[in-house]
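A quick write-up on the structure given underneath.
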Amino acid sequence: MLFSKLFIPTLREAPAEAEAISHILMLRAGYVRQLASGLYIYLPLAWRVMNRIQKIIREEMDAIGAQEISMPGLHPADIWQKTGRWSDIGDEMFRLKDRGGRDMCLGMTHEEIITWLASMEIRSYRQLPQMWYQMQTKFRDEARPKSGVLRTREFIMKDSYSFDRDEEGLAASYQKHADAYHKIYERCGLRFYQVQSDPGMMGGATAHEFMAPSPAGEDTMVLCSSCGYSANTELALSVSPQQKLSVGATLCGCPGQAHSTSVGDFEDIPTPNRRTVAEVSSFLKADPSCFIKTLLLIGKEGPFLALVRGDQELHEKKLAKVAGNFRPAQKDEVKDVLGVAAGFIGPHNSKLRKIADFSLKEGIFISGANKEGFHTKGIRPDIHFEAEWHDIHVAQTGDACAKCGAEITIEKAIEIGNIFQLGTKYSLPLKAVYLDEEGRENPVIMGSYGIGPARIAAAAIEQNNDKDGIIWPQSIAPFDVEIIPLDMGDKEIEEIAAAIYSNLSGEGLEVLMDDREERPGIKFKDADLIGIPYQIIIGKKGLKEGIVELKARRTKQAERVAPSDVVKRIKELHSVL
RNA sequence: CGGGGCGUAGCGCAGCCCGGUAGCGCGCCUGCUUUGGGAGCAGGAUGCCGGAGGUUCGAAUCCUCUCGCCCCGACCA
């Protein structure tokens, strides 16, 4: 393909609205343009990348026996009403009415539609299992679209659905998808992890996400390099390190400290105007891990206390699983319920229900005295307060793995795929049932599996770039090779460029030739920006010595190769990958 | 939805505080010279200063409202 005939509007400077690296580079290198918040136009280069990614996905889906179909993006409301999601989902669903006044919505996902199809067509166990997938546009009225193509309001998704007669079948379909996803991401050249995730509103018990580590990611994952435990922080368990004793730690007096018995005594100490853990901690010269952070929350059955250690953050989702839905108490509610201002509340001498993090089970602590201007030291669990013990903190760096005890690492990541075991959440309300050998009616057991091709592209850029631009993994680059003839007026250069171009194309490679009448500097800069893995540079200097240069975009290393050997050499490099 | 920031030429920005005929760099057009990492010289074009209303003799600048975009948080089936 000729550069001069392709629309590649590169930008010398990054548009002000872009922040994420992938966003900046996609704009600068002429891959995308923004129509409105969360809505992007994919220009020729980006669309080629998307097509390559989708091709890889299709090949791997087909390989596990999934069948491609296509469902509408516009849905009637009544199916969504049957599963309850019409009302469960809020503003994130685009809703509209057709001319007849019927409620409709733009599909955010297709569980309802595919289950409707299964309910109409599947009768017998003989028809199971089935795996159906599609590449379809999804619409979600995101509260905050961000980071370019990473979080948009309209996006293409490969979504597949499995239908099995029982849980064993589901487990097999689920595993097939997990395996296929591994192959897809490997082929796309991404670094990634499979982590446990929260099924959330999707329903079902088991779910995993595929995560591409990147600082631009919105998710945080917990990884244990020792036992392999990996989970999204939205549910990851961890064990906080032991209480830290420093100079001032004598005040909380952990067991084992020489002077702990005397100074660890239960006693109120004045802490005027110090409310937060940070304030009291520096005032008393005691490590934050010596404190109990006491939070007043209002649950369905009234107010209760949540206790985490001073160096921890409360994990609201974990707590909600134990305590049901709750909300934080307002300032005046704290006064009303406890008779003291927030900042001075503690778990001892309080009759409220208490849910405490495991880390507070051992040690001696400082907490609010339930008395304005005072904190209490020497608080011992089970002696000075009783609580229900759970893991209700957010896992953080320095914590130990809940499975094996090794130190965990915490990493930001882009969610590039997810898989859910749905069970009967959709088949029951939509009556997708089959008859077994005995003629009994059973609900179909379902799974749901998604991949966002645009996120794969963005993650690939986030993981592969340098100061000059994108460095595409070979498999998903818009082209395999870019030919850069430095002087389009020169006959010899043009002829050799044309010959190499046709030979490479003849080998089935996708080739971009920068045939523009531009200065060398501009061609080099654009080539690096666009990020095609190999550049063949043809200039007078080299030809005088009988060579052209073959440069790898990633390393910037140039090999001097005879024009007649270039095609062979490129093929060698390709076969390695 | 809460907090913050920004809308001035195609892109990046200055001007706004302190009102007085809108500027810089890059890009674009023409010509000549150049041609291995975003060329040089000369000439040229380009603005509803996001929109509406108000204050004023006069508004990019001050006030009110509104729309859009970005960032942090909440949310994210």
Side-chain angles (χ1 to χ4, degrees), chain A residues 9-20 23-24 27-30 33-40 80 83-93 105 107-112 115 138-148 150-153 155 157 159 197-204 207 209 216-219 232 234 313 316-317 327-328 415 418 420 422 425-426 448-450 452 455 467-469 484-490 493 514 516-530 535 537-545 547-549 551 556 558 560:
Chain A
T10 59
L11 264 23
R12 182 190 277 249
E13 282 166 295
E17 68 264 18
E19 188 105 336
H23 189 196
I24 292 172
L27 288 168
R28 277 200 60 206
R33 287 295 183 261
Q34 187 185 62
L35 172 65
S37 181
L39 298 173
Y40 284 84
W80 286 80
T83 60
R85 287 164 112 193
W86 180 262
S87 51
D88 289 348
I89 295 167
D91 292 338
E92 209 160 312
M93 185 188 271
C105 65
M108 322 177 54
T109 176
H110 283 76
E111 279 79 14
E112 275 76 2
T115 309
K138 310 291 183 205
F139 299 89
R140 296 182 187 179
D141 196 358
E142 288 288 347
R144 183 146 95 86
K146 59 188 279 201
S147 307
L150 275 177
R151 187 163 209 86
T152 55
R153 295 192 291 177
F155 59 96
M157 180 162 144
D159 48 322
S197 69
D198 187 347
M201 297 272 290
M202 278 296 247
E209 286 165 339
E218 301 177 275
D219 287 277
N232 192 312
E234 66 192 8
E313 287 298 318
E316 297 188 2
K317 271 191 185 167
R327 60 170 178 84
E415 183 188 346
N418 50 41
F420 299 92
L422 299 175
K425 164 150 177 145
Y426 301 92
S448 155
Y449 318 88
R455 282 191 171 183
K467 65 173 178 22
D468 293 315
I484 306 175
L486 290 183
D487 188 344
M488 284 312 289
D490 187 291
I493 290 178
D514 194 346
R516 295 175 302 168
E517 303 274 355
E518 289 287 359
R519 304 172 62 80
I522 290 178
K523 294 191 179 186
F524 289 138
K525 287 287 182 194
D526 275 348
D528 288 349
L529 233 198
I530 289 165
Q535 301 170 5
I537 299 155
I538 307 172
K540 269 187 218 157
K541 262 199 225 163
L543 287 188
K544 244 179 228 160
E545 302 165 37
I547 61 109
V548 298
E549 283 163 68
K551 191 156 96 181
K556 297 267 178 89
R560 295 157 59 85

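Convention: sequence-line order gives letters A, B, ...; per-chain numbering from 1.
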So A/S147, base contact, sugar-phosphate only, or nothing? Heavy-atom distance under 4.0 Å. sugar-phosphate

Nearest to the A/P15 side chain among B/G36, B/C11, B/C69, which nucleotide is it? B/C11

Side chain of A/E92 - closest among B/U35, B/A77, B/C71: B/A77

Ignoring hydrogens and angles, answer whether the base of B/G38 and the side-chain atoms of A/R28 contain a donor-acceptor pair closer than 3.5 Å. yes

With a 3.5 angstrom cut-off on both distances, give the Watson-Crick or G-U wobble partner of B/C69, or none if there isn't one. B/G5

Is there a side-chain contact between A/R519 and the phosphate of B/A39, meaning an N or O under 4.0 Å from OP1 or OP2? yes

Euclidean distance, atom CD1 of residue A/I522 to atom C1' of B/G40 [Å, nearest integer]: 14 Å

Closest listed nucleotide, where the reference is the side chain of A/R144 and the choices are B/G73, B/C70, B/C75: B/G73

Base-pairing mate for B/G10 - Watson-Crick or G-U, with both contacts under 3.5 Å: B/C26

With heavy atoms under 4.0 Å as the rule, sort A/E415 into base, sugar-phosphate or nothing. nothing

Ignoring the backbone of A/P520, work out which of B/A77, B/U35, B/G27 is nearest its side chain. B/U35

Round to a whole Å and report the spacing from CD of A/E316 to C1' of B/A74. 10 Å

Is there any protein nitrogen or oxygen under 3.5 Å from a nitrogen or oxygen in nucleotides 44-51 of chain B, and what are the pairs?
none

Of the nucleotides B/G36, B/A39, B/C71, which one has an atom closest to the side chain of A/K146? B/C71

Phosphate oxygens OP1/OP2 of B/G68: is one of them under 4.0 Å from a side-chain N or O of A/S37? no

Touch check for A/G489, heavy atoms < 4.0 angstrom, all strands: base, sugar-phosphate only, or nothing? nothing

Under a 3.5 Å cut-off for both contacts, is B/U64 paired Watson-Crick or G-U wobble with anything, and if yes, with which nucleotide? B/A52

Could you tell me whether A/Q34 contacts a base, only the sugar-phosphate backbone, or nothing, with contacts defined as non-hydrogen atoms closer than 4.0 Å? sugar-phosphate

Report which part of the nucleic acid A/A18 touches: base, sugar-phosphate, or nothing (heavy-atom distance under 4.0 Å, all strands). nothing

Separation of B/G36 atom C1' from A/D490 atom CG, nearest Å, is 13 Å

Quote, to the nearest angstrom, the P distance that separates B/G58 from B/C24. 29 Å

Any strand is fair game: report the nucleotide pairing with B/C16 by Watson-Crick or G-U wobble, both distances under 3.5 Å, or none. none

Classify A/R153 by what it touches in the nucleic acid, base, sugar-phosphate, or nothing, heavy-atom distance under 4.0 Å. nothing

Would you give me the side-chain donor-acceptor pairs under 3.5 Å for residues 10-20 of chain A, sequence neighbours excluded?
{"unit_1": "A/T10", "atom_1": "OG1", "unit_2": "A/D526", "atom_2": "OD1", "d": "3.1"}

How close or far is atom P of B/U35 from atom CD1 of A/I537, stated in whole angstroms? 19 Å

Please report, rounded to the nearest Å, how far the P atom of B/C75 is from the CD atom of A/E142. 13 Å

Counting only side-chain heavy atoms from C-beta out, which of B/G36, B/A77, B/G12 sits nearest to A/F420? B/A77

What is the distance, to the nearest angstrom, from the CG atom on A/L35 to the P atom on B/G68? 13 Å

Heavy-atom donor-acceptor pair, A/E549 side-chain to B/G36 base, under 3.5 Å: yes

If you only use heavy atoms from C-beta on, which nucleotide in B/A77, B/C71, B/C11 is closest to the side chain of A/I89? B/A77

Suppose we call a contact any N or O donor and acceptor under 3.5 Å apart; does that hold for the side chain of A/E17 and the base of B/G68? no

Within a radius of less than 6.0 Å around NZ of A/K556, do more than 12 heavy atoms belonging to other residues, nucleotides or ligands occur? yes

Among the candidates B/G27, B/A77, B/G36, find the nucleotide nearest to the side-chain atoms of A/R12. B/G27

Between B/A39, B/G38, B/A74, which one does the side chain of A/K525 approach most closely? B/G38

Go nucleotide by nucleotide along RNA chain B from the 5' end; which of A/L11 and A/A20 gets its closest nucleotide reached first? A/L11

Just to be sure I understand the rule, does A/D526 reach a base, reach only the sugar-phosphate, or reach nothing, if contact means heavy atoms closer than 4.0 Å? base

In whole angstrom, give the distance that lies between atom CD of A/E517 and atom P of B/A39. 15 Å

For B/C41, which nucleotide in any strand shown is its Watson-Crick or wobble partner with both distances under 3.5 Å? B/G31

How would you label the contact of A/A143 with the nucleic acid (heavy atoms, under 4.0 Å): base, sugar-phosphate, or nothing? base

Which of these nucleotides, B/G38, B/G36, B/C69, is closest to any side-chain atom of A/A36? B/C69

